[in-house]
Amino acid sequence: MERITSIRGFRDILPGESEKWQFVEEKAREIFGAYGVREIRIPILEKTDLFRRGIGETTDVVEKEMYTFVDRGEESLTLRPEATASVIRAYIEHNFFETDPVTKLFTIGPMFRRERPQKGRYRQFHQINVEMLGYEDPRIDGELISMLMLFLSELGIGDLDLEINSLGCADCRPVFREEVVRFLDHREESLCPDCRRRLQTNPLRVFDCKVETCREAVREAPVILDSICAGCRDHFEKVKELLDALAVPFRVNPRMVRGLDYYKRTAFEVIGHSLGSQNAVAGGGRYDGLVQELGGPDIPGIGFAIGFERLVSMLPGDETSFSSKPSLYIATLGTAAETFAFRLLHDLRKTGLQAETDYSGKSLKAQMKRAGRSGAPYVLIVGENELAEGAVVLRNMGAGTQEKVAISELHAKLKEIFHAR
RNA sequence: GUGGGUGUAGCUCAAAGGUUAGAGUGCCGGGUUGUGGCCCCGGAGGCUGUGGGUUCAAGUCCCAUCACUCACCCCA
């Protein structure tokens, strides 16, 4: 029979890696909990218009990366390419703002973008998202960013750079945008084809183009931090002061722009140097105006997304530090021993002990070999003779010692060794 | 969407165009050992990604296609 494989860009998270995912999720709940950030679980399918309006019609994500289809001739649906729009949709739909002036939410789950896969980039990938809604005060910016950095450092991840910038607001960004367009129009000759296109669609993106001639052209261009309005400048200065006050190291990158339209004012990115080309492990920013844009009241917000796969790939420690081994292996000889072992396994597992045995009728020697290779620290040997004596043999594989344990005392003995329930 | 690299045993990889495609590891069985990881012996496991072409002869060269992978692009 021909084999059916997984879809391009979609991958399986196998045992060995899935334990790392659990570790990260537990840590997220622990740290976010201290900041009063509560979990929200949202659908992975939404109406296409949510993303068109939320992310922006002319963004690459909306223009050419979404998995969009018509649902049985009814309406256009899209597998979510990011989470913020969905979280805001739920926030508005359930009227959070009526009961809670401040709402802090996180969600973890798969996102879908139809890009060409490469290292750290898959068509189904996963994000941890945090959104904090209701405060315009820069202290919430400081809280969110420092929480992110704390989370990353608690996971033991080093070699990270935090970059921040201000993108201006609805008042000053359009002005700056015009300035940039005027400036670049004179230099269109020296821009790469991509950037000529960007000039029409998203001129600010020319700033982080990697083509040398474009970098030249932009060198003398107006800088957004010089052009933003007094309110935005003040906000940005405060954010920097707050990060300094918490001793969170950062670097201002005036060329950083974001690919999603909703970002305003504070924008930030965490760069992981071991990641290769796709080196952003987390990114986010303020999105004042988005709630209103999606039909809610005028409530400010800020959030970030962490790339789960990229995060896991940066986790310290090898596979073995996350792998699971049985605590006890039961080797049997004869039918009566097999029956005894089957019931014993059930009882031990009820107490939370990870125990294993063999059902294929292998020789005792083969079972001992398998026990040795499984890495189980203890092996229980149950034979006909042992059962007749009313005592089984417990071997300590590490110490190379063994002792006879009366069956009547077996449970107590194992509880003592493994601290089981 | 555009480029580059790679496709051989479950996994990691060999095999100047020339017999029956090999090794390590893993798996199964046996031997040795204080009933155990080490060591020794044996076994199973392959349409060499797929389809064409060149040649007396193709895993090897050419074309196409698919997959994986890295980079551009984009983003987390």
Side-chain angles (χ1 to χ4, degrees), chain A residues 2-3 5-11 14 55 59-66 81-84 108-130 148 152 192-195 197-198 201-202 205 208-211 214 256-260 263 267-272 275-285 303-314 325 329 331-333 358 360-383 385-386 392-402:
Chain A
E2 196 182 336
R3 291 188 183 184
T5 59
S6 61
I7 307 169
R8 180 179 179 78
F10 290 63
R11 56 192 284 270
L14 303 178
I55 301 172
T59 57
D60 281 13
V61 170
V62 170
E63 266 184 351
K64 49 194 182 192
E65 294 174 2
M66 295 202 303
E82 61 114 44
T84 300
I108 301 177
M111 309 295 156
F112 304 85
R113 293 183 198 173
R114 200 183 180 290
E115 300 177 90
R116 189 86 170 258
Q118 69 183 71
K119 187 180 177 67
R121 191 171 80 183
Y122 308 97
R123 290 182 171 184
Q124 176 179 334
F125 61 102
H126 297 74
Q127 285 187 343
I128 303 171
N129 278 262
V130 174
L148 169 62
L152 295 173
C192 70
D194 281 327
C195 284
R197 178 179 54 81
R198 290 188 184 111
T201 57
N202 196 347
R205 293 213 64 85
D208 56 2
C209 182
K210 293 175 185 74
V211 177
C214 296
M256 182 178 65
V257 294
R258 310 255 72 206
L260 279 47
Y263 286 116
F268 56 92
E269 207 163 90
V270 182
I271 308 297
L275 287 175
S277 171
Q278 306 298 313
N279 63 359
V281 68
F304 64 72
I306 302 173
F308 212 124
E309 284 82 356
R310 295 178 190 178
L311 185 66
V312 166
S313 77
M314 296 185 77
K325 291 173 180 172
Y329 196 96
T332 60
L333 189 58
D358 171 73
S360 61
K362 288 182 198 302
S363 68
L364 186 60
K365 181 191 296 187
Q367 292 181 63
M368 292 306 291
K369 276 193 178 176
R370 171 169 287 197
R373 287 176 198 169
S374 77
Y378 286 87
V379 176
L380 197 66
I381 300 159
V382 185
N385 298 342
E386 283 80 3
V392 292
V393 176
L394 181 64
R395 272 186 91 82
N396 181 331
M397 302 294 271
T401 57
Q402 68 178 42

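To find a chain, count down the sequence lines: A is the first, B the second, and so on, and within it residues start at 1.
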Secondary structure string for RNA chain B (Watson-Crick or G-U under 3.5 angstrom, | for other-strand pairs): (((((((..((((....[...)))).(((((.......))))).....(((((..]....))))))))))))....

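- Comparing the C1' positions of B:rU8 and B:rA15 gives an interatomic distance of 10 Å, to the nearest angstrom.
- Atom CZ of A:R114 is separated from atom CD1 of A:I7 by 10.5 Å, given to the nearest 0.5 angstrom.
- Residue A:A305 is in sugar-phosphate contact alone, with no base atom involved, counting any heavy-atom pair closer than 4.0 Å across all strands shown.
- The NZ atom of A:K64 sits 11 Å away from the P atom of B:rC73 (whole-angstrom rounding).
- Counting non-hydrogen atoms under 4.0 angstrom, A:G120 reaches a base of the nucleic acid.
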Dump every N/O contact between nucleotides 9-11 of chain B and the protein below 3.5 Å, one line per pair.
none

Extract from the structure each pairing of a protein N or O with an N or O of nucleotides 47-51 of chain B at less than 3.5 Å, listing the distance.
none

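- The base of B:rU2 sits with one of its N or O atoms less than 3.5 Å from a complementary donor or acceptor on the side chain of A:R116.
- Within the 4.5 Å cutoff, the side chain of A:F112 has heavy atoms near those of the A:F10 side chain.
- Remark: A:F125 engages no residue in a ring pair (Phe, Tyr, Trp, His ring centres under 6.0 Å) (not counting sequence neighbours).
- For A:L364, the side-chain atoms get nearest to B:rU35 when compared with the rest of B:rG36, B:rU35, B:rC75.
- Distance check on atom P: B:rU54 versus B:rU69 gives 35 Å, rounded to whole Å.
- Residue order along RNA chain B, read from the 5' end via each residue's closest nucleotide, puts A:G9 first among A:G9 and A:G276.
- A:Q367 and A:A331 get closest at one heavy-atom pair: OE1-CA, 3.3 Å.
- With a 4.5 Å cut-off on side-chain heavy atoms, A:E65 and A:P81 do not count as touching.
- Every residue meeting the side chain to side chain contact (heavy atoms under 4.5 Å, CB included) condition with A:V312, not counting sequence neighbours, appears here in chain and number order: A:E17, A:K20, A:W21, A:V24, A:F308.
- Rounded to whole Å, the separation between the C1' atoms of B:rA71 and B:rU25 comes to 32 Å.
- In this structure, A:E386 atom CD and B:rU35 atom P are separated by 12 Å, rounded to whole Å.
- With rounding to the nearest 0.5 angstrom, the CG atom of A:L152 is 5.5 Å from the CD1 atom of A:I306.
- Side-chain proximity of A:R8 to B:rC68, B:rG31, B:rA76: nearest is B:rC68.
- In this structure, OH of A:Y122 is placed 7 Å from P of B:rU69, rounded to the nearest angstrom.
- B:rA44 sits 15 Å from B:rG10 when the P atoms are compared, rounded to a whole Å.
- Donor-acceptor pairing under 3.5 Å, judged by distance alone, is present between the side chain of A:R310 and the base of B:rC75.
- Comparing atom distances between the A:Q278 side chain and each of B:rC75, B:rA76, B:rG30 picks out B:rC75 as nearest.
- Counting heavy atoms from C-beta on, the side chains of A:R8 and A:R116 come closer than 4.5 Å.
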Can you pull every protein N or O that's under 3.5 Å from an N or O on nucleotides 37-41 of chain B?
from   : atom 1 : to     : atom 2 : distance (Å)
B:rG37 : O6     : A:M397 : O      : 2.3

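- Distance, A:Q367 CD to B:rG29 P: 10 Å, rounded to whole Å.
- Atom CD of A:E82 is separated from atom C1' of B:rC75 by 11 Å (rounded to the nearest Å).
- As rounded to whole Å, 15 Å separates atom P of B:rU2 from atom CD of A:E115.
- To the nearest 0.5 Å, atom OH of residue A:Y378 and atom CD of residue A:Q402 are 13.0 Å apart.
- Using P as the reference atom, B:rG18 and B:rA58 are 11 Å apart when rounded to the nearest Å.
- Among the heavy atoms of the strands, none lies under 4.0 Å from A:F308.
- Side chain of A:R121, nearest nucleotide from B:rA76, B:rG29, B:rU2: B:rA76.
- Residue contacts for A:R11: at a heavy-atom cut-off of 4.0 Å it reaches no nucleic acid atom on any strand shown.
- Spacing of C1' atoms, B:rU65 relative to B:rC13, comes out at 26 Å, to the nearest Å.
- When rounded to the nearest whole Å, the span between CD of A:E65 and P of B:rC73 equals 13 Å.
- The closest side-chain heavy-atom distance from A:Y329 to A:D358 is below 4.5 Å.
- Nucleotides B:rG17 and B:rC62 place their P atoms 11 Å apart, quoted to the nearest Å.
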Test side chain to side chain contact (heavy atoms under 4.5 Å, CB included) applied to A:L148 and A:F268, step by step: CA-CA 11 Å; A:L148 169 62; A:F268 56 92; 3.8 Å; yes

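- Residue A:E63 is classed as having no contact, given no heavy-atom separation below 4.0 Å to the nucleic acid.
- Checking B:rA76, B:rG31, B:rC28 against the side-chain heavy atoms of A:K362 singles out B:rC28 as nearest.
- OP1 or OP2 of B:rA76 has at least one side-chain nitrogen or oxygen of A:R258 nearer than 4.0 Å.
- In this structure, A:K365 reaches the B:rG31 phosphate: one of its side-chain N or O atoms is under 4.0 Å from OP1 or OP2.
- For the P atoms, the distance from B:rC72 to B:rA16 is 35 Å, rounded to whole Å.
- Inter-residue side-chain proximity for A:V61 and A:E82 is flagged as unmet; no heavy-atom pair is nearer than 4.5 Å.
- Of the side-chain N and O atoms in A:Q127, none sit less than 4.0 angstrom from OP1 or OP2 of B:rA76.
- A:E309 pairs with exactly one of A:R121, A:Q278, A:K119, A:H126 by the side-chain hydrogen bond (donor to acceptor under 3.5 Å, both in side chains) rule, that one being A:H126.
- In terms of position on RNA chain B, the residue among A:A366 and A:A280 whose nearest nucleotide sits closer to the 5' end is A:A366.
- For the atom pair CD (A:Q127) and CD1 (A:I108), the distance works out to 11.5 Å, reported to the nearest 0.5 Å.
- Contact check, A:S277 against B:rC72: a side-chain N or O comes under 4.0 Å of OP1 or OP2.
- One interatomic measurement links the two molecules: CG of A:L275 to P of B:rU69, which rounds to 16 Å at whole-angstrom precision.
- Using a 4.5 Å heavy-atom threshold, the side chains of A:L260 and A:T84 count as separate.
- Residue A:T332 holds its OG1 atom at 11.0 Å from CD1 of A:I381, rounded to the nearest 0.5 Å.
- Ion pairing of A:E269 with A:R258 is present here, as a side-chain N (NZ or NE/NH1/NH2) and a carboxylate O approach within less than 4.0 Å.
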